[in-house]
Amino acid sequence: MLNESNKEIAKKFLQLVADGQVKKAYELYIGEDFVHHNAYFAAGSEALMRGMEESAKMTPNKQFTVKLTLEDGNKVMTYSHLKHKPEDVGVVVVHIVRIENGKIVEMWDVGQAIPQEIVNTDGIF
């Protein structure tokens with residue numbers, strides 16, 4: 001909203017979506033000409049919004065934690081931990097958003113399932 005940094009916009013949008021407040025997230029933070037690059041949904045903000053709403057219905061108790069946020073000009077990258085159920089190991093999710101005039105106008109996202117046993121002693125986070 002007013003005077004929010006691009007990092008705050010990205011994090012608040014993602015947290016609202018994870019909390020099941022998809023319409024509110026879109027109203028507050030998505031620009032009119034929004035473009036996304038998720039291969040599982042048709043182009044356009046409506047298709048992605050419907051997918052996010054369906055996810056919220058299917059997994060109402062998901063946990064979403066942003067672990068790292070980086071900003072480069074009008075682009076923000078978040079590195080997050082998503083658990084669909086509290087007992088799940090979860091998924092690492094990276095979102096990259098492009099922000100103009102306080103609104104997200106473009107978004108990319110990729111995910112990686114976290115294995116039950118992590119070989120790397122440094123951990124995934």
Examine [X] and [Y] and state if one hydrophobic cluster contains both, with Ile, Leu, Val, Met, Phe, Trp and Tyr joined whenever side-chain heavy atoms are less than 4.5 Å apart.
| X | Y | value |
| --- | --- | --- |
| W108 | L68 | yes |
| L14 | F125 | no |
| M58 | F64 | no |
| V22 | L28 | yes |
| F41 | L82 | yes |

Quick one: does [X]'s side chain get under 4.5 Å of [Y]'s, heavy atoms only?
| X | Y | result |
| --- | --- | --- |
| L48 | F34 | yes |
| E46 | R50 | yes |
| T69 | K11 | yes |
| I104 | I9 | yes |
| F13 | I99 | no |
| V94 | M77 | yes |
| V76 | I96 | no |
| Y79 | V66 | no |

Do the side-chain N and O atoms of S55 and K62 include a donor-acceptor pair separated by under 3.5 angstrom? yes
Do H81 and Q63 meet the criterion of a side-chain donor-acceptor pair at a distance under 3.5 Å?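 Judged by distance alone, the side chains do not pair up.
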What distance do [X] atom [atom1] and [Y] atom [atom2] have between them, rounded to the nearest 0.5 Å?
| X | Y | atom1 | atom2 | answer |
| --- | --- | --- | --- | --- |
| N6 | E100 | CG | CD | 10.0 Å |
| I114 | I124 | CD1 | CD1 | 5.0 Å |
| D19 | K24 | CG | NZ | 10.0 Å |

Is a side-chain N or O of [X] found less than 3.5 angstrom from the main chain of [Y], in a donor-acceptor match?
| X | Y | value |
| --- | --- | --- |
| Q15 | K12 | no |
| N120 | D122 | yes |
| H36 | A42 | yes |
| D88 | G90 | no |

Smallest separation among heavy atoms of [X] and [Y], with atom names:
| X | Y | answer |
| --- | --- | --- |
| G20 | A56 | CA-CB, 3.7 Å |
| V93 | H95 | CG1-CE1, 3.2 Å |
| A25 | L16 | CB-CB, 3.6 Å |
| Y26 | M49 | OH-N, 3.3 Å |
| G31 | V105 | CA-CG1, 4.4 Å |
| V89 | P115 | CG1-O, 3.8 Å |

With side-chain contact (heavy atoms from CB on, under 4.5 Å) as the test, pick out the partner of M107 among V35, V97, I30. V97
Is E32 atom CD crowded by more than 12 heavy atoms from other residues, nucleotides or ligands, each under 6.0 Å away? no
Between V92 and K67, does the side chain to side chain contact (heavy atoms under 4.5 Å, CB included) criterion hold? Intermediate values first, please. CA-CA 10 Å; V92 173; K67 301 287 191 175; over 6 Å; no
Please test V91 against Q112 for side chain to side chain contact (heavy atoms under 4.5 Å, CB included), starting from the C-alpha separation and ending with a verdict. CA-CA 6 Å; V91 178; Q112 174 187 348; 5.5 Å; no
Do the side chains of K23 and E53 get close enough for a salt bridge, i.e. N-O under 4.0 angstrom?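 Judged by the 4.0 Å cut-off on N to carboxylate O distance, K23 and E53 do form a salt bridge.
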